[in-house]
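Have a look at the structure below before the remarks.
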Amino acid sequence: MKLYSFFRSGTSHRLRIALNLKGVDYTYVPVDLRREEHLGDAYRALNPQGLVPALAVEGRVLTQTPAILEWLEERFPSPPLLPADADARARVRTLAAIVGCDIHPVNNRRILESLRSDFGADEAAVNRWCSRWIGEGFDAIEALLAADPHRGDYCVGDTPTLAEVYLVPQVESARRFGVDLSRWPRITAVDAACQRLATFRCAAPALQPDAA
Ligand SMILES: N[C@@H](CCC(=O)N[C@@H](CS)C(=O)NCC(=O)O)C(=O)O
């Protein structure tokens with residue numbers, strides 16, 4: 001398997017965590033977003049959307065992390081990243097969707113570039129934008145975590161699930177944008193629990209071959 005990844009990309013980070021949790025080996029292929037390699041013909045031939053990550057496997061290329069994560073779960077069911085119980089699965093998917101559908105898309109590089117070039121936003125305004133949408137999403141996640149009386153160290157159940165696969169990269173990104181995380185003690189505790197696991201630590205942006 002080849003993972004086309006950028007070290008600082010939150011969606012690439014999701015896949016690195018999931019592949020590590022599943023124990024699946026892969027070759028890391030860097031795609032430099034700073035040099036816009038993802039917009040060139042060579043990468044677009046792999047992913048016409050011009051977004052990382054992409055996973056090349058057995059002669060085909062998978063794109064879109066929700067689809068790739070489901071594929072991984074189906075092809076490598078052990079250890080599971082979704083709980084057995086339907087209600088718990090729904091909770092995991094809710095938490096993952098808050099990050100994947102409502103926080104990450106509006107803070108993506110191309111959106112921030114458009115704020116700068118089409119709307120004249122300076123870096124302070126861009127940071128306010130990111131903080132706002134991260135804050136709204138994290139407030140909701142924190143409330144959902146607080147409302148679950150059976151929760152342990154992780155978001156749902158006693159082992160990491162897709163909820164952490166989405167959440168930990170978003171926490172990393174929040175730190176990068178200078179967001180004060182002290183407002184969300186449950187989220188930071190889940191992140192700390194994940195950082196105790198080598199599978200999460202090895203997926204960190206700073207440890208990737210293209211980290212600079
Ligand atoms: N929904 C896509 C989003 C992928 C995505 O937005 N990737 C970002 C990096 S985290 C990207 O390639 N951005 C390039 C850009 O915005 O120009 C997924 O989950 O795979």
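Order of listing sets the numbers, starting from 1, for every ligand and every atom in it.
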Heavy atoms, side chains only, cut-off 4.5 Å: are Ile98 and Ile103 in contact?
-> yes
Side chains of Leu69 and Tyr166: closer than 4.5 Å at any heavy-atom pair?
-> yes
Does [Y] offer a backbone N or O that forms a donor-acceptor pair with the side chain of [X] under 3.5 Å?
{"X": "Ser173", "Y": "Pro169", "result": "no"}
{"X": "Glu73", "Y": "Leu82", "result": "yes"}
{"X": "Glu142", "Y": "Arg186", "result": "yes"}

Which residue and non-hydrogen atom of the protein lie closest to [atom], and at what distance in Å?
{"atom": "atom 19 (O) of ligand 1", "answer": "Thr65 OG1, 2.6 Å"}
{"atom": "atom 16 (O) of ligand 1", "answer": "Arg110 N, 2.8 Å"}
{"atom": "atom 10 (S) of ligand 1", "answer": "Thr11 OG1, 3.0 Å"}
{"atom": "atom 5 (C) of ligand 1", "answer": "Val52 O, 3.5 Å"}
{"atom": "atom 9 (C) of ligand 1", "answer": "Ser9 OG, 3.5 Å"}
{"atom": "atom 2 (C) of ligand 1", "answer": "Gln64 OE1, 3.2 Å"}
{"atom": "atom 8 (C) of ligand 1", "answer": "Asn108 OD1, 3.3 Å"}

Do the side chains of Leu51 and Val99 join up, straight or via other hydrophobic residues, at under 4.5 Å, putting them in one cluster?
-> no
Distance filter under 4.0 Å to Arg14 heavy atoms, resulting ligand 1 atoms | 19 (O)
Identify, by atom number and element, the atoms of ligand 1 in contact range of Gly10, meaning under 4.0 Å from any of its heavy atoms.
-> 10 (S)
Decide whether the shortest distance between a heavy atom of [X] and an atom of ligand 1 is less than 4.0 Å.
{"X": "Pro66", "value": "yes"}
{"X": "Glu36", "value": "no"}
{"X": "His13", "value": "no"}

Taking atom types as modelled and ignoring hydrogens, do the side chains of Glu123 and Asn127 form a donor-acceptor contact shorter than 3.5 angstrom?
-> no
Would you say the side chains of Tyr154 and Thr161 form a donor-acceptor pair under 3.5 Å?
-> no
Evaluate the side-chain contact (heavy atoms from CB on, under 4.5 Å) criterion for residues Trp184 and Leu145: first the C-alpha distance (whole Å), next the side-chain angles of each, then the deciding distance (0.1 Å), finally the verdict.
-> CA-CA 10 Å; Trp184 306 291; Leu145 297 181; over 6 Å; no
Of His38, His104, Gln49, the one whose closest heavy atom lies nearest atom 14 (C) of ligand 1 is His38
